[in-house]
Number of protein chains: 2
Amino acid sequence: MTTRDALMAQLWPVSRRYLASYVLFNQAVADHLGMHPTDVQCLNLLTLEDGPVTTGRIAELTGLTSGSATRLVDRLEKAGLVARQRDDADRRRVLVAVLPEALERFGEVWRSLGADWAAVLDEDSEAELAFLLRHMNRTVELSHRQIARLAGEDSQRLP
Amino acid sequence: MTTRDALMAQLWPVSRRYLASYVLFNQAVADHLGMHPTDVQCLNLLTLEDGPVTTGRIAELTGLTSGSATRLVDRLEKAGLVARQRDDADRRRVLVAVLPEALERFGEVWRSLGADWAAVLDEDSEAELAFLLRHMNRTVELSHRQIARLAGEDSQRLP
DNA sequence: GAGAAATGCCTGCGTAGCGCAACTATTAAT
DNA sequence: ATTAATAGTTGCGCTACGCAGGCATTTCTC
């Protein structure tokens, strides 16, 4: 077995642990903030978008149905983290904007977590960081393709 | 701003997308298998352990309460994916073993997904793969520390 | 070695997120 | 002008989850 094969053999279980850790981490952050994991995921995604986002887009981003997305926005609005606003251009649509308070509450938690995270990366060279950045971007794209394929195969079951 | 700072500045939002993608991916796999995300997460963790695991250990691994872990094992057992067995050494304990059928069902899905994943890594050098392996191991450890800290801070709220 | 404390798992109950389907309001198509 | 499509909301049923209490078993303490 080549060195490369040995590395790949190790990477497979480790990446599964890695995935599991992320799920648990997301849950821990949610518990810490007294929120549901879905709400944390949603706010995370919202702050990555530029500008307000429609409820339908939130349903896409989170993978929820439109009804559940409405309830999700209800919860976030009730918690004072986002604000609803009718779109004047298309009065069917509702724009959801993240409020500064949400950024504060998230920022507070992520400052300390981000500091630890940055400390880990401090050990790495610029070339390694550049590789990591490229790898993450590729993996995000791969995830999207795989999610689409999984969903596509599901719908093929019921023609 | 140095090149290094620029890389770090890019890595932060990308890693957040990365995290979000993983959550969605987990959900997609669960939907595809007709299971709940928690159940998928549990089976993923179980297959990473060597040998049968107690219900209490499952509660630890998944972050659930003991009651919820019992229900989780109930579902997996009912689905024919795991088997319960009393521990003869300590008859309070229940050992949960993953059945071959679970490995088959998971293997089927993960073979194709793993192939795409391996294809992405094929572009990388051995040194890059070695770095990735090391990075993932460090990140898993970091997650554990951060999860413990988040949980610890929570418990400090109510002394 | 007997009673107390701790451990491991299970069960009843209330809460709440989610999908589904039906409904309203607005815009686009014919 | 009528019909169809789109965006969002709401009622309903299901089920995972936490919590608290309970039972069986083991370990501690005297």
Side-chain angles (χ1 to χ4, degrees), chain A residues 23-24 26-28 30-43 46 52-79 81-97 151 154-155 157-158, chain B residues 23-24 26-28 30-43 46 52-79 81-97 151 154-155 157-158:
Chain A
V23 173
L24 291 173
N26 201 53
Q27 178 72 52
D31 290 344
H32 182 72
L33 291 170
M35 300 170 61
H36 299 271
T38 306
D39 300 26
V40 174
Q41 168 85 340
C42 179
L43 272 181
L46 280 181
V53 161
T54 66
T55 303
R57 175 79 179 137
I58 288 178
E60 281 182 20
L61 289 173
T62 57
L64 296 174
T65 60
S66 65
S68 298
T70 294
R71 262 47 178 279
L72 170 56
V73 176
D74 285 347
R75 291 196 300 271
L76 293 175
E77 191 178 33
K78 189 176 177 183
L81 299 172
V82 303
R84 272 190 174 95
Q85 186 182 2
R86 281 253 167 236
D87 185 354
D88 288 329
D90 184 344
R91 295 185 44 74
R92 293 171 300 182
R93 307 207 301 174
V94 171
L95 294 173
V96 178
D154 287 342
S155 59
R157 286 185 190 170
L158 306 171
Chain B
V23 174
L24 291 173
N26 201 53
Q27 178 75 51
D31 290 344
H32 182 72
L33 291 170
M35 300 169 61
H36 298 272
T38 307
D39 300 25
V40 174
Q41 168 85 342
C42 179
L43 271 181
L46 280 182
V53 161
T54 66
T55 303
R57 175 77 180 139
I58 289 178
E60 281 182 19
L61 289 171
T62 57
L64 296 174
T65 60
S66 66
S68 298
T70 294
R71 260 59 178 269
L72 170 57
V73 176
D74 286 346
R75 292 196 300 272
L76 295 176
E77 191 179 32
K78 190 176 177 183
L81 299 173
V82 303
R84 272 190 173 98
Q85 186 182 1
R86 281 253 167 233
D87 185 355
D88 288 329
D90 185 342
R91 294 184 46 75
R92 291 171 303 182
R93 308 206 298 175
V94 171
L95 293 173
V96 179
D154 287 342
S155 61
R157 286 184 189 170
L158 305 171

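In this text, all values refer to a predicted model and were calculated from it rather than measured experimentally.
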How would you list, by chain and number, every residue that makes a side chain to side chain donor-acceptor pair (under 3.5 Å) with Arg71(B), sequence neighbours excluded?
none

Apply side chain to side chain donor-acceptor pair (under 3.5 Å) to Ser68(B) and list each qualifying residue two or more places apart in sequence or on a separate chain.
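Side chain to side chain donor-acceptor pair (under 3.5 Å) check on Ser68(B) returns Thr65(B).
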
Which pairs count as salt bridge (Lys or Arg N to Asp or Glu O under 4.0 Å) when at least one residue sits in residues 53-66 of chain A, sequence neighbours excluded?
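Qualifying pairs, neighbours excluded: Glu49(A)-Arg57(A), Arg57(A)-Glu60(A).
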
Rounded distance (Å) that lies between atom [atom2] of [N] and atom [atom1] of [X]:
X: Asp31(B); N: dT15(D); atom1: CG; atom2: P; result: 16 Å
X: Asp87(B); N: dC9(C); atom1: CG; atom2: P; result: 9 Å
X: Glu60(B); N: dT7(C); atom1: CD; atom2: P; result: 13 Å
X: Asp88(A); N: dT27(C); atom1: CG; atom2: C1'; result: 15 Å

Can you see which heavy atom on Val73(B) is nearest to which on Val82(B), and at what distance?
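Heavy atoms of Val73(B) and Val82(B) come nearest at O-CG2, 4.2 Å.
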
Are any of Arg75(B)'s side-chain N or O atoms less than 4.0 Å away from OP1 or OP2 of dC14(D)?
no

Looking at the side chain of His36(B), which of dT15(D), dT26(D), dG18(D) is the nearest nucleotide?
dT15(D)

Determine the contact category for Leu72(A): base if any of its heavy atoms lies under 4.0 Å from a base atom, sugar-phosphate if only primed atoms, P, OP1 or OP2 are that close, otherwise nothing.
nothing

Residue list, salt bridge (Lys or Arg N to Asp or Glu O under 4.0 Å) with Arg75(B), at least two apart or on another chain:
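For Arg75(B) the salt bridge (Lys or Arg N to Asp or Glu O under 4.0 Å) partners, ignoring immediate neighbours, are Asp39(B).
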
Mind checking what makes salt bridge (Lys or Arg N to Asp or Glu O under 4.0 Å) contact with Arg84(A), not counting sequence neighbours?
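Arg84(A) satisfies salt bridge (Lys or Arg N to Asp or Glu O under 4.0 Å) with Asp74(A), Glu77(A) only.
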
Heavy atoms under 4.0 Å is the rule here; annotate nucleotides 6-13 of chain D 5' to 3' with B where the base is hit, S where only the sugar-phosphate is, and - elsewhere.
BSSBBBB-

